[in-house]
Number of protein chains: 2
Amino acid sequence: MKSSPAKREEVLSRFMAERGLKTTRQRNLIIDTFFSLDGHLSVEEVWAKARELDRRVSVATVYRTMKLLHESGLAHARNFGDGQTRYEAAVGKDHHDHLICTRCSTIIEFENDQIERLQDLVARKHGFKVVSHKMELYGLCRGCQRETA
Amino acid sequence: MKSSPAKREEVLSRFMAERGLKTTRQRNLIIDTFFSLDGHLSVEEVWAKARELDRRVSVATVYRTMKLLHESGLAHARNFGDGQTRYEAAVGKDHHDHLICTRCSTIIEFENDQIERLQDLVARKHGFKVVSHKMELYGLCRGCQRETA
DNA sequence: CTGCGTGCAAAAACTTTGCAACAAT
DNA sequence: ATTGTTGCAAAGTTTTTGCACGCAG
């Protein structure tokens with residue numbers, strides 16, 4: 001599912017207004033690039049793609065912009081254990097979690113409402129108001145189980 | 001709950017035998033230090049504590065040893081979003097997950113068997129064999145909800 | 001105009017690694 | 001003896017930052 005530009009725009013403009021941020025050519029480019037791609041993107045990857053359209057954007061601006069997207073809630077920041085932060089679009093697709101193969105690094109996404117409901121329950125029990133969450137299951141995918149056996 | 005030295009010892013010695021690793025003064029010091037502490041520890045923190053007993057251990061050895069602990073399954077590696085890997089003892093206490101306050105950084109641990117069971121179920125459905133997992137719920141703790149309201 | 005934003009390069013923060021000396025088996 | 005281990009410092013990665021210039025509002 002692609003992310004919905006309408007909702008995005010709304011969240012973003014409210015966020016930028018709130019913080020007195022300005023709309024710039026670079027920010028638009030980076031944000032559009034990020035949402036046009038899909039998956040779990042490193043800053044490096046977003047940068048590479050954005051540069052295809054404008055050779056002059058600096059990686060620092062990409063770092064700064066991705067951080068804004070994260071703070072605005074439009075992107076989740078993830079850490080899959082390699083040393084890099086990866087960003088993932090947070091609107092326009094249903095929430096999902098990850099199954100990660102520790103051998104071949106395959107990542108499978110899944111969602112499970114029942115788990116989500118239980119999470120809320122647990123949080124409430126501790127007086128928490130959950131804003132977001134991440135869940136990652138690490139193990140061996142079908143193929144790697146076979147090869148390792 | 002403190003970690004149980006017996007189980008630890010066993011897992012560790014099997015792991016070291018398997019890989020032809022040697023027992024050294026530094027490794028013992030670092031491992032003991034790690035398990036004597038509690039919580040989510042950065043390499044820096046373990047190092048600081050270990051140095052109290054032996055000024056000469058180098059931070060490189062701590063990095064190397066923590067990686068071994070992680071590979072042996074005795075320590076989980078976590079990433080809470082600050083730029084550091086944090087390690088947490090993986091035996092002697094039941095598995096648990098985390099509620100993290102995004103405002104004051106309070107971390108509450110919890111466990112929920114029902115969720116664990118559902119995770120296994122989902123994994124199996126995708127042909128995965130789960131070895132470990134982590135789940136983190138981000139939000140506002142009781143206190144911060146009040147202050148932010 | 002005014003102040004935020006950008007690019008660049010330098011720096012910071014964290015982690016890994018090459019190597020010679022050293023220690024465990 | 002042999003082979004793995006350590007400390008150190010250098011190098012690698014990823015991310016942040018200072019600053020002068022530029023651009024949006």
Side-chain angles (χ1 to χ4, degrees), chain A residues 9 12-34 40-72 75-88, chain B residues 9 12-34 40-48 50-72 75-87:
Chain A
E9 222 85 326
L12 193 57
S13 53
R14 176 171 329 180
F15 176 76
M16 300 192 65
E18 246 169 35
R19 311 244 298 221
L21 302 175
K22 291 174 178 173
T23 305
T24 68
R25 184 174 42 81
Q26 290 92 326
R27 289 226 255 244
N28 285 334
L29 169 61
I30 293 164
I31 292 170
D32 289 347
T33 301
F34 171 66
H40 313 98
L41 303 163
S42 65
V43 166
E44 202 71 21
E45 287 164 345
V46 175
W47 187 40
K49 193 70 181 173
R51 287 188 105 190
E52 291 177 11
L53 297 176
D54 181 349
R55 209 110 255 292
R56 294 160 303 173
V57 280
S58 86
V59 73
T61 302
V62 180
Y63 272 104
R64 294 189 268 233
T65 304
M66 292 315 297
K67 184 162 287 185
L68 289 180
L69 280 179
H70 178 232
E71 288 168 8
S72 75
H76 292 305
R78 313 223 183 257
N79 249 132
F80 291 128
D82 57 344
Q84 273 171 78
T85 301
R86 292 179 170 281
Y87 292 94
E88 181 174 22
Chain B
E9 222 85 327
L12 194 57
S13 53
R14 177 172 329 182
F15 176 77
M16 300 191 66
E18 245 170 35
R19 310 243 298 221
L21 301 175
K22 291 173 177 172
T23 306
T24 69
R25 184 175 42 81
Q26 291 91 327
R27 291 229 255 243
N28 285 334
L29 169 61
I30 292 163
I31 292 170
D32 289 347
T33 300
F34 172 66
H40 312 97
L41 303 163
S42 65
V43 166
E44 202 71 22
E45 286 164 345
V46 175
W47 187 40
R51 289 189 104 189
E52 292 177 10
L53 298 175
D54 181 349
R55 209 110 258 292
R56 294 162 302 173
V57 282
S58 85
V59 72
T61 302
V62 180
Y63 272 103
R64 294 190 268 233
T65 304
M66 293 314 297
K67 183 162 287 185
L68 289 180
L69 281 179
H70 178 232
E71 288 168 7
S72 75
H76 292 303
R78 313 220 181 259
N79 248 135
F80 290 128
D82 57 344
Q84 275 170 79
T85 301
R86 290 179 171 280
Y87 292 93

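Per chain, numbering begins at 1; letters A, B, ... match sequence-line order.
- Taking the side chain as every heavy atom from C-beta outward, B:Leu12 and B:Leu69 approach each other to under 4.5 Å.
- Between B:Arg86 and the options B:His40, B:His76, B:Glu45, a side-chain hydrogen bond (donor to acceptor under 3.5 Å, both in side chains) holds for only B:Glu45.
- Of the candidates D:dG7, D:dG25, C:dA9, the closest approach to any side-chain atom of B:Val57 belongs to D:dG7.
- Distances shorter than 4.0 Å separate some side-chain N or O of B:Gln26 from OP1 or OP2 on D:dG7.
- Atom-to-atom, NZ of B:Lys22 to C1' of C:dC22 comes out at 11 Å; the value is rounded to the nearest Å.
- Comparing C:dG7, D:dG4, D:dG7 by their nearest atom to the side chain of A:Thr61 picks out C:dG7.
- Side-chain atoms of A:Thr85 lie closest to D:dT15 of the nucleotides D:dT15, C:dG7, C:dT6.
- To the nearest angstrom, C1' of C:dG7 lies 11 Å from CD1 of A:Ile30.
- A:Trp47 places no side-chain N or O within donor-acceptor distance of the main-chain N or O of A:Tyr63, the cut-off being under 3.5 Å.
- Between the OH atom of A:Tyr63 and the P atom of C:dA11 there is a distance of 18 Å, rounded to whole Å.
- The base of D:dG7 is paired with the side chain of B:Arg64 by a donor and an acceptor separated by under 3.5 Å.
- For B:Arg19 and B:Val59, each mapped to the nucleotide of DNA chain D holding its nearest heavy atom, the one lying further toward the 5' end belongs to B:Arg19.
- Residue order along DNA chain C, read from the 5' end via each residue's closest nucleotide, puts A:Ser58 first among A:Ser58 and B:Gly83.
- Here C:dG7 presents its P atom at 10 Å from CH2 of A:Trp47, a figure rounded to the nearest Å.
- In this entry the distance linking CZ of A:Arg86 with C1' of D:dT14 reads 12 Å, nearest Å.
- The CG atom of B:Asn79 sits 12 Å away from the P atom of C:dC14 (whole-angstrom rounding).
- Taking atom CG of B:Asp82 as the reference point, atom P of C:dC14 lies 8 Å away to the nearest angstrom.
- Residue B:Lys67 places at least one side-chain N or O under 4.0 Å from the OP1 or OP2 atom of C:dT16.
- A:Glu44 places its CD atom 16 Å from the P atom of D:dG12, with the value rounded to the nearest Å.
- Residue-level contact check: A:Val43 touches neither bases nor backbone, having no heavy atom under 4.0 Å from any strand.
- A:Thr85 is not listed as a side-chain neighbour of A:Met66, based on a closest heavy-atom distance of 4.5 Å or more.
- In plain terms, the two heavy atoms of B:Val46 and B:Phe34 that are nearest each other are CG2-CD1, 4.1 Å.
- Between B:Ser42 and C:dC14 there is no side-chain polar atom (N or O) within less than 4.0 angstrom of OP1 or OP2.
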